[in-house]
Undergrad: 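I have a structure I would like to understand better, so I am pasting it below and will then ask my questions one at a time.
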Number of protein chains: 2
Amino acid sequence: MGIKKTLLEDIAKELNVSKTLVSMVINGKGDAYGISKKTQEKVLAKAGEMEYTPNVFARALRTGKSHLIALLVADISNPFYSNIAKYVEKELASKGYNLMICSTDENVEREEKLISLFAEQHMIDGLIIATTNTSGEYFKKERLRNFPIVFIDRYLPDIESNYVVANNYQGSLEITELLIQKGCKNILALNITPSHISSLTERVKGYKDALKKHDISFKDENLLEISFDNIQNDVKEKLTKRLKQGQKIDAIYTLNNHIATACLNVFNEIGFDAKKEGVYFASFDNISLFDFVKPNIISVSQPLEQIGIEAANLALHLIDSKGMDASTFKKIVLPTSIISRD
Amino acid sequence: MGIKKTLLEDIAKELNVSKTLVSMVINGKGDAYGISKKTQEKVLAKAGEMEYTPNVFARALRTGKSHLIALLVADISNPFYSNIAKYVEKELASKGYNLMICSTDENVEREEKLISLFAEQHMIDGLIIATTNTSGEYFKKERLRNFPIVFIDRYLPDIESNYVVANNYQGSLEITELLIQKGCKNILALNITPSHISSLTERVKGYKDALKKHDISFKDENLLEISFDNIQNDVKEKLTKRLKQGQKIDAIYTLNNHIATACLNVFNEIGFDAKKEGVYFASFDNISLFDFVKPNIISVSQPLEQIGIEAANLALHLIDSKGMDASTFKKIVLPTSIISRD
DNA sequence: ATATAAATCTAAACTTATTTAGAAATTGTT
DNA sequence: AACAATTTCTAAATAAGTTTAGATTTATAT
């Protein structure tokens, strides 16, 4: 292993002091423990010279703090999550914390295994999670009580929790209204099923309420439920079928970026030209490349940077006020914006 | 902190055995240490019943292994990296390792700080990195000698190292040849500068060699160097200028997905319609949404999954054969493919 | 029954830091 | 100079595992 790592004890020996003292100084507690300025300087100088870096495991073992926070997302390759991840990391780095990003692959068991590994064993100090779980049952475990957890994107209705989400209801309401203003009456919405996920149910609610608000009656045939396991094929089958029967569609509105991409693929496959057909295409979630995609996409943009920053800071807050504040849950709901691309 | 965590000692006391024995059994070394089957069963049953999970810090402190591998990328929000990250994680998870993904923001100091924090302190067992460093100097440090490091995407020419990269030269050669076959003579390439990065220099080389191979002389005015700090503006300025002067362009070829996106933005801004102008648009790197972007993009697709899997396994191999194998470096170069989208 | 070998188990050391309780050195007071 | 009060520092305990060296117990051979 190349060269031996410098230990506290090595510095202590060099300076003929105790490792206790060295530890105190290096942790910035020299003044608090009444170590003379001169000694402090000596220690810091020697530590620098010997390139001392503390062993994080020994430190974490003793203190119970790792300065590590984990971010669990369903799929890190989804730009929605990878962008949030970037901002979470940046914010945490500025506060002396490191981020572990893990992708659960929308797999509940894997999510629970990771939480168990990281959180229950206190490998991490806090957890930020876009959960794929549909019930809060798992999070009620005794071991997770009082563990700092921040939900992002999605929260679980059946437990009290701290969360940072976009205003899915409002965003969905607004984009639907925009379509209505453009003259659309028959707006076909595509949702993922099973969708106990809070963000999606609220988007559906926003869609329906917008219709109601403008006296358009909701029709079952205008909400396609796409099976998560088989998005591409399911969109192809159900969309093709719907396009052929039922009332003519004025707009297609996908409730997340996954379905949007699947739709675009299907448009290509079946040779459906939305522009020619006079059909608007809209989607919740915004991806920068949407700017160049044909057909034009009207989209709801979530404040990714803000979600990241708020989630990071909320996690740090929970860590600092461990237990003190356990009774009050912070629920942060951030506004979305519509990108219309006419 | 809710309920007290179960310790080895707790199990030992319950069963009236030593914690040594419990540790051995739990680590699957019961047979090796000659613990009777009956006792082993007893221990495992009790451990399950008491929901024992080992303290990773204590374990790592004693063994020097954390079963953690870090993946450092320049920008996790870049789909190229986030996709690789997904596959690396999946592969490692299947082998009992966990992945820490960190984004260095193309910032050399941050990269070095993270490496120092993770690798030099042995917080991680291995490192997979798309380095933003331009020289291998930092990696020659005594402390990093023999530390398992796998470079991905980019390697440093001035040091011997283990790496997994796409065949950037070949891919660039092929896409340039494809453009030439389509009748292009004046192919404008846009590169990032400063580009000591191996992947980019090889793409430039592939581009130039393709021209040479087809007896087309390379012109300086057909290779724009875009400043990394200011991609968008720089592309706008230099591309606009080039479009107005010099010989007419037959194709625009961006050397990575960042510049491709910047170009698309500029096309929009200045109202340049590549199709109308009869200009092909090509880019190294492929993003799934490219399928729907106008103008059509001819692109070089890198084998993201394969890169991820190979990198993960190479890292694990290095960890296993710590030091044994230090003299032979594995250099894995994977083939790319062209996606032509006519 | 006794010595030897094999099987099974354990006490204590060890990993590297932090923290507690208290010792030693210095300063101040009379 | 004697005693108290500060200031400065340290030995030892501690975190929770793994590993080493060796102790017991059981089985086998004579």
Side-chain angles (χ1 to χ4, degrees), chain A residues 1 4-44 46-47 50-68 117 120-123 125 143, chain B residues 1 4-44 46-47 50-68 117 120-123 125 143:
Chain A
M1 202 107 14
K4 208 184 155 296
K5 204 169 169 299
T6 301
L7 306 181
L8 270 191
E9 201 139 26
D10 301 331
I11 301 174
K13 268 182 199 148
E14 285 277 319
L15 296 174
N16 262 309
V17 294
S18 70
K19 64 172 181 172
T20 304
L21 184 152
V22 177
S23 167
M24 289 165 166
V25 172
I26 283 178
N27 287 296
K29 297 176 186 162
D31 287 343
Y33 281 112
I35 310 300
S36 72
K37 288 284 180 220
K38 219 197 322 190
T39 309
Q40 291 195 41
E41 279 165 29
K42 241 178 20 182
V43 169
L44 291 174
K46 186 58 87 177
M50 296 177 77
E51 297 189 29
Y52 173 76
T53 50
N55 178 305
V56 283
F57 298 120
R59 175 177 274 180
L61 175 59
R62 181 61 232 241
T63 62
K65 309 206 127 296
S66 63
H67 279 242
L68 256 181
L117 177 62
E120 295 187 44
Q121 299 180 18
H122 296 262
M123 176 162 182
D125 295 343
R143 291 265 186 76
Chain B
M1 199 96 32
K4 209 185 155 293
K5 204 170 167 303
T6 302
L7 306 181
L8 271 191
E9 202 140 25
D10 300 331
I11 300 174
K13 268 183 200 149
E14 285 277 320
L15 297 174
N16 262 308
V17 295
S18 70
K19 65 172 182 172
T20 302
L21 185 152
V22 177
S23 166
M24 289 165 167
V25 173
I26 283 178
N27 287 296
K29 297 175 185 162
D31 288 343
Y33 282 111
I35 310 299
S36 71
K37 290 283 179 220
K38 219 206 297 193
T39 310
Q40 291 194 42
E41 278 164 30
K42 244 180 12 185
V43 169
L44 291 174
K46 187 55 87 176
M50 296 177 78
E51 297 189 29
Y52 172 76
T53 51
N55 177 305
V56 283
F57 297 120
R59 176 178 271 180
L61 176 60
R62 179 61 230 241
T63 63
K65 309 205 130 293
S66 63
H67 279 241
L68 255 181
L117 176 63
E120 297 187 41
Q121 298 179 21
H122 295 263
M123 175 162 182
D125 294 344
R143 291 264 186 77

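All chains are named by letter (A, B, ...) in the order of the sequence lines, taking the proteins before the strands, and each is independently numbered beginning at 1. All values below come from the heavy atoms of this structure, side chains included, with hydrogens, waters and symmetry mates left out.
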Undergrad: Where the side chain of B:Ser66 meets the backbone of B:Ala60, is there a donor-acceptor pair that is under 3.5 Å apart?
TA: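 A pair under 3.5 Å: no.
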
Undergrad: Provide the start and end nucleotides, 5' to 3', of the part of DNA chain D that has atoms under 4.0 Å from heavy atoms of chain A.
TA: D:dT8 to D:dA16

Undergrad: Hey, could you give me the CD1/CD1 distance between A:Ile11 and A:Ile26, rounded to the nearest 0.5 Å?
TA: 4.5 Å

Undergrad: Grab the CD1-P distance between A:Ile11 and C:dT16 for me, whole Å please.
TA: 14 Å

Undergrad: Got a sec, which residues hit side-chain contact (heavy atoms from CB on, under 4.5 Å) with A:Arg59, two or more places apart in sequence or on another chain?
TA: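 A:Arg59 satisfies side-chain contact (heavy atoms from CB on, under 4.5 Å) with A:Asn27, A:Pro54, A:Thr63 once adjacent residues are dropped.
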
Undergrad: Can you pull the side-chain hydrogen bond (donor to acceptor under 3.5 Å, both in side chains) pairs that have at least one residue in residues 28-42 of chain A, sequence neighbours excluded?
TA: A:Asp31-A:Lys37, A:Asp31-A:Gln40, A:Ser36-A:Thr39

Undergrad: Counting only N and O atoms by type, is there a donor-acceptor contact under 3.5 Å from the side chain of A:Thr6 to the main-chain atoms of A:Glu51?
TA: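 Absent.
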
Undergrad: For a quick test of reading the model, state the closest non-hydrogen atom pair linking A:Asn55 to A:Tyr52 and the distance between them.
TA: N-OH, 4.5 Å

Undergrad: Determine the contact category for A:Lys29: base if any of its heavy atoms lies under 4.0 Å from a base atom, sugar-phosphate if only primed atoms, P, OP1 or OP2 are that close, otherwise nothing.
TA: sugar-phosphate

Undergrad: Separation of A:Asn27 atom CG from C:dT19 atom P, in whole Å?
TA: 7 Å

Undergrad: Contact class for B:Leu8 vs. all strands (heavy atom < 4.0 Å): base, sugar-phosphate, or nothing?
TA: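 Base contact.
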
Undergrad: Work out how much the helix from C:dA1-D:dT30 to C:dT30-D:dA1 bends between its end axes, five pairs an end, to the nearest 10 degrees.
TA: 60°

Undergrad: For nucleotides 5-14 of chain C, read 5' to 3', which letter fits each nucleotide if B means a protein heavy atom sits under 4.0 Å from the base, S means only the sugar-phosphate is that close, and - means neither?
TA: ---BBBBBBB

Undergrad: Quick one: side-chain contact (heavy atoms from CB on, under 4.5 Å) partners of B:Glu14, sequence neighbours excluded?
TA: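 B:Glu14 satisfies side-chain contact (heavy atoms from CB on, under 4.5 Å) with B:Lys46, B:Met50 once adjacent residues are dropped.
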
Undergrad: Which heavy atom in A:Met24 sits nearest to a heavy atom in A:Ile35, and how many Å separate them?
TA: SD-CD1, 4.3 Å

Undergrad: If the condition is side-chain contact (heavy atoms from CB on, under 4.5 Å), which residues does A:Leu7 pass it with, not counting sequence neighbours?
TA: A:Lys4, A:Asp10

Undergrad: Is the side chain of A:Lys5 donor-acceptor paired with the backbone N or O of A:Thr53 at a distance under 3.5 Å, no angle test?
TA: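 Pair found, side chain donor or acceptor close to backbone of A:Thr53.
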
